[in-house]
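The structure presented is a predicted model; accordingly, all values stated were derived computationally and were not measured.
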Amino acid sequence: MKRKRTRPCDSVTPSDALEDEGYRFVVPVDPQPTDFDAQGHLNNAAIGRLFNDMRIAYIRRYLGEPWTDFLRTEGIVVVAREVHVLYESEGLPSEEYVGAMRYVRREGRGAIIEQRMIEAVTGRAVARAWVSQVLVRAGAVADWPDFYFTLVAEAEGRAIEQRPSVRREWGSGS
């Protein structure tokens with residue numbers, strides 16, 4: 001579902017372009033001075049933290065206290081099973097950034113997320129990430145509660161595709 005523009009087509013912003021790509025969660029990303037290395041570039045590890053901060057902001061905006069209460073009550077931890085980051089260009093301290101996140105699918109017990117970070121004025125790609133998250137209770141992978149993906153579907157404006165797992169079980173060692 002494309003959103004209706006209130007500006008002429010020639011004034012499409014990089015944030016608009018992310019929304020046109022299907023990202024409904026698009027937010028400013030605000031690196032701290034310590035996120036830049038001695039060469040004056042946005043540090044790769046800082047980008048990973050900024051992506052994590054973006055996932056937390058998504059949860060706060062769309063799932064809120066019902067989700068965090070569930071985690072506490074059930075003794076469950078959200079674990080990033082896999083994180084893949086593609087660094088596409090250097091970020092500089094003089095630049096502003098925009099980030100975007102979306103749920104792509106469920107794969108077995110994993111929730112698959114895509115993230116992007118771009119320079120806010122030009123739209124130059126800085127980094128993108130692919131993340132597989134699972135729930136863990138007492139060292140074992142747990143099932144996601146139905147209400148979680150109901151809320152995510154509302155936030156995303158679409159049902160989240162579910163596929164069978166092609167991965168080994170958490171902690172299988174083989």
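- When only modelled atom types and interatomic distance are considered, Gln115 and Arg55 share a side-chain donor-acceptor pair under 3.5 Å.
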Q. Does the side-chain contact (heavy atoms from CB on, under 4.5 Å) test come out yes or no for Met117 and Leu42, once each step is laid out?
A. CA-CA 12 Å; Met117 187 183 324; Leu42 191 54; 4.2 Å; yes
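- Residues Leu18, Tyr23, Val26, Ile118 make up the rest of the hydrophobic cluster containing Val98, defined by ILVMFWY side-chain heavy atoms closer than 4.5 Å, directly or through other members.
- Checked against salt bridge (charged side-chain N to carboxylate O under 4.0 Å, His left out), Glu21 has the following partners two or more places apart in sequence or in another chain: Arg116.
- Between Asn43 and Phe36 the shortest side-chain heavy-atom distance does not fall below 4.5 Å.
- Put simply, Val126 and Val83 are part of the same group of oily side chains (I, L, V, M, F, W, Y) that touch within less than 4.5 Å, one to the next.
- One hydrophobic cluster holds both Val131 and Tyr87 under the rule that ILVMFWY side chains link at heavy-atom gaps under 4.5 Å.
- The closest side-chain heavy-atom distance from Val152 to Tyr58 is below 4.5 Å.
- Between Thr13 and Asp16 there is a side-chain heavy-atom pair separated by less than 4.5 Å.
- Taking 4.5 Å as the limit, some side-chain heavy atom of Met54 sits within range of a side-chain heavy atom of Val29.
- Within the 4.5 Å cutoff, side-chain heavy atoms of Ile113 are placed close to those of Met101.
- Residues Phe51 and Val85 have side chains in contact (heavy-atom distance under 4.5 Å, counting atoms from C-beta outward).
- Shown here for Ala153 and Ala159, the closest heavy-atom pair between the two residues is CB-CA, 4.1 Å.
- Note that the CD atom of Glu114 and the CH2 atom of Trp130 stand 10.0 Å from one another [nearest 0.5 Å].
- Put simply, CD on Glu19 and CZ on Arg24 are 9.5 Å apart, with the number rounded to the nearest 0.5 Å.
- Listed here is the closest heavy atom pair of Leu63 and Pro66: O-CD, 3.3 Å.
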(Q) With side-chain hydrogen bond (donor to acceptor under 3.5 Å, both in side chains) as the criterion, how do Ser132 and Arg81 come out once you've worked through the C-alpha distance, each side chain's angles and the decisive distance to 0.1 Å? (A) CA-CA 6 Å; Ser132 174; Arg81 180 175 181 170; 5.8 Å; no
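- Here the closest heavy-atom approach between residue Glu119 and residue Thr122 is recorded as OE1-N, 2.6 Å.
- Judged purely by atom type and a 3.5 angstrom limit, Glu95 uses its side chain to pair as donor or acceptor with the backbone of Leu92.
- Among residues two or more places apart in sequence or in another chain, the salt bridge (charged side-chain N to carboxylate O under 4.0 Å, His left out) test is passed with Glu161 by Arg163.
- Glu156 contributes a side-chain N or O that, together with a main-chain N or O of Tyr103, makes up a donor-acceptor pair within less than 3.5 Å.
- Side-chain contact annotation: Arg49 with Asn52, donor-acceptor N/O pair under 3.5 Å absent.
- Inter-residue side-chain proximity for Trp67 and Ile59 is flagged as met; some heavy-atom pair is nearer than 4.5 Å.
- In this structure, the side chain of Glu107 does not engage the main chain of Gly110 through any donor-acceptor pair within 3.5 Å.
- Among all heavy-atom pairs drawn from Pro14 and Ala120, the shortest one is CG-O, 3.2 Å.
- Around CZ of Arg158, the count of heavy atoms belonging to other residues, nucleotides or ligands within 6.0 Å exceeds 12.
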Ignoring hydrogens and angles, write down the donor-acceptor pairs under 3.5 Å from the side chains of residues 68-78, residues two or more places apart or on other chains.
from: Thr68; atom 1: OG1; to: Glu65; atom 2: O; distance (Å): 3.3
from: Asp69; atom 1: OD1; to: Arg72; atom 2: NH2; distance (Å): 2.7
from: Thr73; atom 1: OG1; to: Asp69; atom 2: O; distance (Å): 2.8
from: Glu74; atom 1: OE1; to: Arg137; atom 2: NH2; distance (Å): 3.3

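- Screening residues 143-154 for salt bridge (charged side-chain N to carboxylate O under 4.0 Å, His left out), with sequence neighbours left out, gives Arg109-Asp143.
- Applying the side-chain contact (heavy atoms from CB on, under 4.5 Å) criterion to Asp30, with sequence neighbours excluded, gives Gln32.
- At a threshold of 4.5 Å between side-chain heavy atoms, the hydrophobic network of Ile, Leu, Val, Met, Phe, Trp and Tyr places Tyr62 and Val104 in two separate groups.
- Judged by a 6.0 Å distance limit and a 45° cone about the ring axis, Arg106 is positioned over the six-membered ring of Phe149.
- For the pair Asp35 and Leu50, the minimum side-chain heavy-atom distance is below 4.5 Å.
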Q) Between Arg128 and Glu88, is a side-chain contact (heavy atoms from CB on, under 4.5 Å) present by the stated rule, with each step listed? A) CA-CA 8 Å; Arg128 61 181 72 226; Glu88 300 180 278; 3.2 Å; yes
